[in-house]
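What follows is a set of notes on a single structure, which appears directly below.
Everything quoted here is computed from the prediction, not taken from an experiment. Atom set for the values below is all heavy atoms of this structure, side chains included, hydrogens, waters and symmetry mates excluded. Counting from 1, the numbers follow the sequence of the chain as shown.
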Amino acid sequence: MYAALWRILPGPWWLRVFILLVLVAAVLYGLFFYVFPWIAPIITPGEVDLE
C-alpha cells in the first residue's frame, strides 16, 4: 500500500516526502481539532480499564 502511494505521488523524492508530511499534518490536525473533541463526551475517563 505504501509503495503504491509512493508511486502515484508526483515529483522527485524530496517533493514526495514534503507532500507526505503535509498530508500527515492535515490528518493530525483533523483528528485533534474535529474528531477527538467530538468523541471526548462519549468516552468518559471512568470507562478506562488499566488491568
Scan the side chains in residues 24-38 for donor-acceptor partners under 3.5 Å anywhere in the protein, sequence neighbours excluded, and list what turns up.
none

Side chain to side chain contact (heavy atoms under 4.5 Å, CB included) against Pro10, all qualifying residues, sequence neighbours excluded: Ile19
Given the rule that I, L, V, M, F, W and Y join up when any side-chain heavy atoms are under 4.5 Å apart, are Val17 and Ile8 in one cluster? yes
Could you give all pairs that pass the ring-ring contact (aromatic ring centres under 6.0 Å, His included) test and reach residues 3-27, with sequence neighbours left out? none
Treat each ILVMFWY residue as a node, draw an edge where side-chain heavy atoms are under 4.5 Å apart, and state whether Leu5 and Leu21 are in one component. yes
